[in-house]
Every structure is written in C-alpha cells, then in structure tokens.
Engineer: 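I am attaching a structure below and will ask some questions about it afterwards.
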Amino acid sequence: MELGLVGLGKMGGNMRERIRRAGHTVIGYDRNADVADVHSLEELVGKLSAPRVVWVMVPAGEPTQSTVDQLAELLEPGDVVVDGGNSRWTDDEKHAEQLAARGIGFVDCGVSGGVWGLENGYALMYGGDAENVAKVQPVFDALKPEGDFGSVHAGKVGAGHFAKMVHNGIEYAMMQAYAEGWELLEKVDSVENVREVFRSWQEGTVIRSWLLDLAVNALDDDEHLDGLRGYAQDSGEGRWTVEAAIDNAVPLPAITASLFARFASRQEDSPQMKMIAALRNQFGGHAVEKK
C-alpha cells in the first residue's frame, strides 16, 4: 500500500525504512529537507492515491494540531489520518471529531520501540473504528515485531494513546526500581561488582526484562555511570498517567513516586530538604550543613 509519513526524526525515519522493507511505498515529509521525499504536505497528499493514509509522527500539542489542521484541508472523504506521536488521548477525541466533519477517518496509535524498532519491530497500541483501522492494517503489520504479539486494537478513538500512556507510566516505575537497587548496591562495601550482579539477573530471575538488558548495556559503557549527571527529564506521559489516576480514583503510588523522583533530580539544592534539615535541627538539635 501507499503511506504518507509526516515527521522523519529518530522514530519516524526508522519507521519509514521498516515499512519500505515490507514492500510498501512510503512518501515522507519533514521540515528537514535533507531527509524528506517531498517538500510540502500539499506535495505529499498529491502523490498518494485515494483512499489515502497519512501517518503523523510529530511532537504532541501544537505541532500535531497544526498538522491535523492542514491535513483536514488537503485530504478528502474516505482518507485516514493516523496520529502515531505521543499525543494526549483527550486530543484524539477532538481530532477525530474535527476530521469526521469532513468525512476523514482518524486512528490514534501509541508506538513503543525507540531506536531499536527498525530491527526489532514496534509495539503498537491503536484506537479507532474498525473500518479506519482496516485501512491502516498493512502498515501496522509491517511495523509490529515478528510473532503473535506486539500489536493491539485497544478500543475506540483515544484508547491507543491511553494504553501507551499507561505503558510509559509503568516504564517510569520499573526504571526507578532498577535505579534505586543499583544505587543501594553501589553504596555498600561488600558488593564489589555491581555491574556483574545486574548482568547475572538477565537470566533465570523474575526481574529480567529488556530494561534490565539496557541497564547492563549502559554499565558496560560506563561501569559506575560517572560520565552522567543525575538529571532525568520527563516526556509528559507520566504526568498524564497520574492525572488520569486522580480523575478515576485509581491509586498509583509506585508510578507517582517515580515521577516525583524525576522532579527531584532537577534540583541542585532541594528547597524541601532545607526545611527538613531546619526542622530536625529545631526539634532534635540535629546538625545542619551550612553553605
């Protein structure tokens, strides 16, 4: 089949290549002319045969909204737009309504796989009407990992991005657990080879995972992570997961704590710890460290 792909960054560029390897035609557009196949959305749409499928892989928020706005003007009834970025699920509902007014279908798709997806395949979680999903199915089949798993029609519009959001929330908590365990192992004198302890966990343990494999890769590159600063950004999906939990009265203590730990990583000198130190000094005479 033919596919228009908007956004050819680290994810989009590799996705284009994997889809092409499966025998499909991909016409890609990116603001970076060096990687683009065409020079405008108008040219991209003009090169596709109806019914068209255009997959959007640009940052969430205004970039996605702007792209959807332009495609709403360029596409025709029967065409389908897929949002494969990390959009919030509530935006999907608005985009579906906006496009439906012009007879254009909409599918949201959470994509996991990162820079490894080209070779290993991408885990896909998509939402939308079965009729629209069917028009995109050959691309889903090309992108997914080999085997029976790694792809799911999660439900109606918004379900794909909601599922991916929860996936990322779980990822936050898993990474935090590995990080805390690593720090504790590094702290004690009795454990002399923390990297090899992590490596030993890769087989036969209940905590083995791809994240553990990646942790071992990182420790192979820099055994004590001395070259890294203890700072971690968040993409926003962890926040959305916690907000959704509050809205639905679902307790998420591990995921919430892992998100707050990232916030703490950005503080050179924690204001909260200043107050805690001051209080301990006031009620117990505990020593404080002066700047």
Engineer: Please identify each residue that fulfils side-chain hydrogen bond (donor to acceptor under 3.5 Å, both in side chains) with Asp129, with sequence neighbours left out.
Structural biologist: none
Engineer: Applying side chain to side chain contact (heavy atoms under 4.5 Å, CB included) to Leu3 and His24, what does each step give before you reach the verdict?
Structural biologist: CA-CA 8 Å; Leu3 178 73; His24 302 293; over 6 Å; no
Engineer: Could you tell me the separation between the CD atom of Glu73 and the CZ atom of Arg102, rounded to the nearest 0.5 Å?
Structural biologist: 4.0 Å
Engineer: More than 12 non-hydrogen atoms from neighbouring residues, nucleotides or ligands closer than 6.0 Å to CD on Glu203, yes or no?
Structural biologist: no
Engineer: Can a donor-acceptor pair be found, under 3.5 Å and without considering hydrogens, that links the side chain of Asp108 to the backbone of His161?
Structural biologist: yes
Engineer: To the nearest 0.5 Å, what is the distance between CG (Leu118) and CZ (Arg16)?
Structural biologist: 11.5 Å
Engineer: Please name all residues satisfying side-chain hydrogen bond (donor to acceptor under 3.5 Å, both in side chains) with Arg20, sequence neighbours left out, ordered by chain then number.
Structural biologist: Asp37
Engineer: Verify the cluster assignment for Tyr122 and Val152: are they in a single hydrophobic cluster under the rule of side-chain heavy atoms below 4.5 Å apart?
Structural biologist: no
Engineer: Say you draw a straight line from CG of Leu214 to CG of Leu219; how long is it, rounded to the nearest 0.5 Å?
Structural biologist: 11.0 Å
Engineer: For Arg18 and Leu143, indicate whether the former's side chain and the latter's backbone hold a donor-acceptor pair under 3.5 Å.
Structural biologist: yes
Engineer: Do Asp91 and Ser87 have side-chain N/O donor and acceptor atoms under 3.5 Å apart?
Structural biologist: no
Engineer: Hey, does Arg239 have a side-chain heavy atom less than 4.5 Å from the side chain of Phe263?
Structural biologist: yes
Engineer: Is the backbone of Ala232 close enough, under 3.5 Å, to the side chain of Ser265 for a donor and an acceptor to pair up by distance?
Structural biologist: yes
Engineer: Out of curiosity, Met11 CE to Ser112 OG, how far, rounded to the nearest 0.5 Å?
Structural biologist: 7.0 Å
Engineer: Looking only at heavy atoms, which two atoms of Trp89 and Ala244 are closest? And how far apart?
Structural biologist: CH2-CB, 4.0 Å
Engineer: When rounded to the nearest 0.5 angstrom, what distance separates NZ in Lys94 from CD in Gln65?
Structural biologist: 6.5 Å
Engineer: Residues in side-chain hydrogen bond (donor to acceptor under 3.5 Å, both in side chains) with Glu43, at least two apart?
Structural biologist: none
Engineer: Going by side-chain contact (heavy atoms from CB on, under 4.5 Å), name the residues that satisfy it together with Phe149, two or more places apart in sequence or in a different chain.
Structural biologist: none
Engineer: Sorted by first residue and then second, give each salt bridge (Lys or Arg N to Asp or Glu O under 4.0 Å) pair with at least one member in residues 153-179; sequence neighbours left out.
Structural biologist: Lys164-Glu237
Engineer: What heavy-atom pair brings Ala22 and Ala142 nearest, and what distance separates the two atoms?
Structural biologist: CB-CB, 3.5 Å
Engineer: Output all residues satisfying side-chain hydrogen bond (donor to acceptor under 3.5 Å, both in side chains) with Lys10, sequence neighbours left out; order by chain, then residue number.
Structural biologist: none
Engineer: Looking at Ser151 and Lys144, what are the two nearest heavy atoms and their distance?
Structural biologist: CB-CE, 3.7 Å
Engineer: Given the rule in the side chain to side chain contact (heavy atoms under 4.5 Å, CB included) test, do Asp234 and Arg266 qualify, once you have shown the distances and angles that lead to the verdict?
Structural biologist: CA-CA 11 Å; Asp234 68 284; Arg266 299 167 205 168; 2.6 Å; yes
Engineer: Just by distance, do the side chain of His167 and the backbone of Val111 share a donor-acceptor pair under 3.5 Å?
Structural biologist: no
Engineer: Contact between Tyr126 and Gln137 at the side-chain level, heavy atoms closer than 4.5 Å - yes or no?
Structural biologist: yes
Engineer: With sequence neighbours left out, which residue pairs that include part of residues 183-194 fulfil the side-chain hydrogen bond (donor to acceptor under 3.5 Å, both in side chains) condition?
Structural biologist: Glu186-His224
Engineer: If you group Ile, Leu, Val, Met, Phe, Trp and Tyr by side-chain heavy-atom gaps below 4.5 Å, do Trp116 and Met15 land in one group?
Structural biologist: no
Engineer: List in chain and number order the residues that pass side-chain contact (heavy atoms from CB on, under 4.5 Å) with Ala179, two or more places apart in sequence or in another chain; answer none if no residue qualifies.
Structural biologist: none
Engineer: Does the side chain of Leu184 reach to within under 4.5 Å of the side chain of Glu180, using non-hydrogen atoms?
Structural biologist: no
Engineer: Do any N or O atoms from the side chain of Asp30 and from the backbone of Leu8 form a donor-acceptor pair under 3.5 angstrom?
Structural biologist: yes
Engineer: I need the full list of ring-ring contact (aromatic ring centres under 6.0 Å, His included) pairs touching residues 40-82, with sequence neighbours left out, sorted by first then second residue.
Structural biologist: Trp55-Phe140
Engineer: Run the numbers on Val136 and Val80 for side chain to side chain contact (heavy atoms under 4.5 Å, CB included), then give the verdict.
Structural biologist: CA-CA 8 Å; Val136 192; Val80 175; 4.1 Å; yes
Engineer: Spell out, yes or no, whether Leu211 and Val197 are grouped together once hydrophobic residues are joined by side-chain heavy atoms under 4.5 Å, including indirect joins.
Structural biologist: yes
Engineer: According to side-chain hydrogen bond (donor to acceptor under 3.5 Å, both in side chains), does anything in residues 240-262 pair up with another residue at least two apart or in another chain? List the pairs.
Structural biologist: Arg88-Glu243
Engineer: Examine Leu225 and Val188 and state if one hydrophobic cluster contains both, with Ile, Leu, Val, Met, Phe, Trp and Tyr joined whenever side-chain heavy atoms are less than 4.5 Å apart.
Structural biologist: yes
Engineer: Mind checking what makes salt bridge (Lys or Arg N to Asp or Glu O under 4.0 Å) contact with Glu119, not counting sequence neighbours?
Structural biologist: Arg21
Engineer: Answer yes if Val26 and Leu124 sit in the same cluster of Ile, Leu, Val, Met, Phe, Trp and Tyr residues linked by side chain heavy atoms under 4.5 Å apart, and no otherwise.
Structural biologist: yes
Engineer: Can you list the other members of the hydrophobic cluster that holds Ile104, where links are side-chain heavy atoms under 4.5 angstrom apart?
Structural biologist: Val6, Ile27, Tyr29, Val38, Leu41, Leu44, Val45, Leu48, Val54, Val56, Val58, Val68, Leu71, Leu74, Leu75, Val81, Leu99, Phe106, Val157
Engineer: Search all heavy atoms of Lys47 against all heavy atoms of Glu2 and return the closest pair with its distance.
Structural biologist: O-OE1, 4.2 Å
Engineer: Where is the tightest heavy-atom contact between Gly78 and Pro51, given as atom of each residue plus distance?
Structural biologist: O-CB, 3.5 Å
Engineer: Of all heavy-atom pairs between Gly227 and Asp222, which one has the smallest distance, and what is that distance?
Structural biologist: N-OD2, 2.7 Å
Engineer: If you measure from CG on Leu212 to CH2 on Trp182, what distance do you get to the nearest 0.5 Å?
Structural biologist: 14.0 Å
Engineer: Is any NZ, NE, NH1 or NH2 atom of the basic residue among Arg199 and Glu196 found under 4.0 Å from an Asp or Glu carboxylate oxygen of the other?
Structural biologist: yes
